[in-house]
Amino acid sequence: VKVKIPFGNKYLDAIFSVPEKKPTYGVILTHGAGGDMNFPHLVSLAAYLASHGVLCLRFTCKGLNVAYRTKAFKAVVEYLKLSDDYKLSGVFLAGRSMGSRAAASVIRQLSQDDDDDGFIQGLVCLSYPLHRPKLQSKLRDEDLLLISCPVLFVSGSADEMCEKQLLKGVVSKMKAPKKIHWIDKANHGMAVKGRTADDVMEEINVQVFSWLRENVQPQHK
């Protein structure tokens, strides 16, 4: 189901992947710096989640500024929260690369607001860009350290923007319940020599779904 989500004086293009049975919770998903919502990993994940009973709303927001992307993500969260078509009791925010930074930023901002009502249940970071390539001294971890909801990282063990030991170090300092799933030998784009893209996506999809199921608050199941 294609929708246009109001954002300031513009609209964001978005697509709902709707399960057959009425969903009780959902996932909002967005892309990295270069792509859009039709990036193959996102399409694959959305279809997988919907086929397992989870509503998935993915959206496109062009713009390389994280603050701008964060505002857009917030608008999408509000839209879904107030939606009459889908009465959800909770959502998980998910993003790929820069999209996961925006998602983390939204969660930090909303949890600092007084009206944190538990609607956001957790965060899924696909290829979180912890640092720029070869610039490991400057970590983008400020939002992660302030989040308290559960977080799943799915990262390639050979990701040039997320050195394995550095992510482990950040995760060990996080207060939130967290889990890292390493895709062995995958780079930032989740490409692995000797494995098909579909095979890697299947591994990611299964991991994300099983983690979501473990982390849905009981009253939201």
Side-chain angles (χ1 to χ4, degrees), residues 7-8 12 27-35 41-42 59-78 81 90-183 186-190 204 207-208 211-212 215:
F7 174 48
L12 299 168
V27 172
I28 301 176
L29 190 56
T30 195
H31 54 87
H41 290 121
L42 303 192
F59 70 95
T60 293
C61 173
K62 296 285 188 186
L64 294 180
N65 174 322
V66 171
Y68 177 77
R69 294 282 301 266
T70 301
K71 273 192 192 133
F73 212 131
K74 252 183 170 163
V76 177
V77 173
E78 274 310 295
K81 200 173 182 174
V91 296
F92 290 84
L93 304 192
R96 193 189 163 278
S97 191
M98 186 180 186
S100 63
R101 279 183 74 195
S105 192
V106 170
I107 292 179
R108 193 204 77 212
Q109 289 176 18
L110 292 179
S111 64
Q112 287 173 334
D113 294 347
D114 295 334
D115 58 354
D116 180 29
D117 50 11
F119 184 61
I120 295 179
Q121 309 248 307
L123 169 65
V124 178
C125 295
L126 307 172
S127 295
Y128 187 85
L130 187 58
H131 51 78
R132 290 188 177 152
K134 303 196 171 61
L135 197 70
Q136 282 98 331
S137 56
K138 204 160 174 273
L139 296 185
R140 299 157 168 167
D141 58 358
E142 53 289 340
D143 289 324
L144 298 176
L145 298 176
L146 295 169
I147 288 175
S148 55
C149 66
V151 184
L152 170 68
F153 294 94
V154 179
S155 278
S157 66
D159 186 337
E160 61 282 10
M161 296 180 73
C162 187
E163 211 270 323
K164 198 169 174 179
Q165 292 308 327
L166 291 176
L167 182 61
K168 282 184 173 169
V170 169
V171 165
S172 69
K173 288 188 280 201
M174 286 170 63
K175 300 188 270 292
K178 62 268 174 177
K179 179 181 178 189
I180 308 179
H181 179 77
W182 297 106
I183 305 286
N187 65 8
H188 189 65
M190 289 293 180
I204 295 170
Q207 283 298 324
V208 170
W211 179 86
L212 290 175
N215 285 282

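Remark: D141 engages no residue in a salt bridge (charged side-chain N to carboxylate O under 4.0 Å, His left out) (not counting sequence neighbours). Under the rule for a side chain to side chain contact (heavy atoms under 4.5 Å, CB included), the partners of A186 that lie at least two apart in sequence or sit in another chain are I183, M190, V192. The ring-ring contact (aromatic ring centres under 6.0 Å, His included) check on F59 picks up F73, with sequence neighbours excluded.
The SG atom of C149 sits 10.0 Å away from the CG atom of L110 when rounded to the nearest 0.5 Å. In this structure, the separation between OG on S105 and NZ on K74 is 8.0 Å, given to the nearest 0.5 Å. Between the OG atom of S157 and the CG atom of N187 there is a distance of 10.0 Å, given to the nearest 0.5 Å. Interatomic distance, CG of L152 versus CD1 of I204, reported as 10.5 Å (0.5 Å rounding). To the nearest 0.5 Å, atoms NE2 (H31) and CG (L42) are separated by 8.0 Å. We find the CG-CG distance between L130 and L144 to be 7.5 Å, quoted to the nearest 0.5 Å.
A104 and I147 get closest at one heavy-atom pair: O-CD1, 3.6 Å. Looking at every heavy atom in both residues, V27 comes nearest to A94 through CG1-CB, 3.9 Å. Across every non-hydrogen atom of K179 and W211, the tightest pair is CD-CD1, 4.0 Å. Minimum heavy-atom separation, F7 to A75: CD1-CB, 3.8 Å. Here the closest heavy-atom approach between residue V151 and residue C125 is recorded as CG1-SG, 4.3 Å.
The side chain to side chain donor-acceptor pair (under 3.5 Å) analysis of residues 161-176, with sequence neighbours excluded, yields no pairs. Sorted by first then second residue, the side chain to side chain donor-acceptor pair (under 3.5 Å) pairs that include residues 127-138, not counting sequence neighbours, number zero.
Looking at heavy atoms from C-beta onward, L145 lies in side-chain contact with M174 at the 4.5 angstrom threshold. Residues F92 and P150 have side chains not in contact (no heavy-atom distance under 4.5 Å, counting atoms from C-beta outward). Side chains of V76 and T30 form no contact here, defined as non-hydrogen atoms less than 4.5 Å apart. Contact of the K71 side chain with the Q109 side chain is not registered, since no non-hydrogen atoms from C-beta on lie closer than 4.5 Å. Looking at heavy atoms from C-beta onward, V124 lies in side-chain contact with L212 at the 4.5 angstrom threshold. The shortest distance between side-chain heavy atoms of I120 and V91 falls below 4.5 Å. Taking the side chain as every heavy atom from C-beta outward, I180 and K178 never approach each other to under 4.5 Å.
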So L126 and V208, side-chain contact (heavy atoms from CB on, under 4.5 Å) or not? Walk me through it.
CA-CA 9 Å; L126 307 172; V208 170; 4.2 Å; yes
For residues 95-103, please give each side-chain donor-acceptor pair under 3.5 Å, one per line with the distance, not counting sequence neighbours.
unit_1 : atom_1 : unit_2 : atom_2 : d
R96    : NH2    : H188   : O      : 2.9
S97    : OG     : H188   : NE2    : 2.8
S100   : OG     : S97    : O      : 2.6

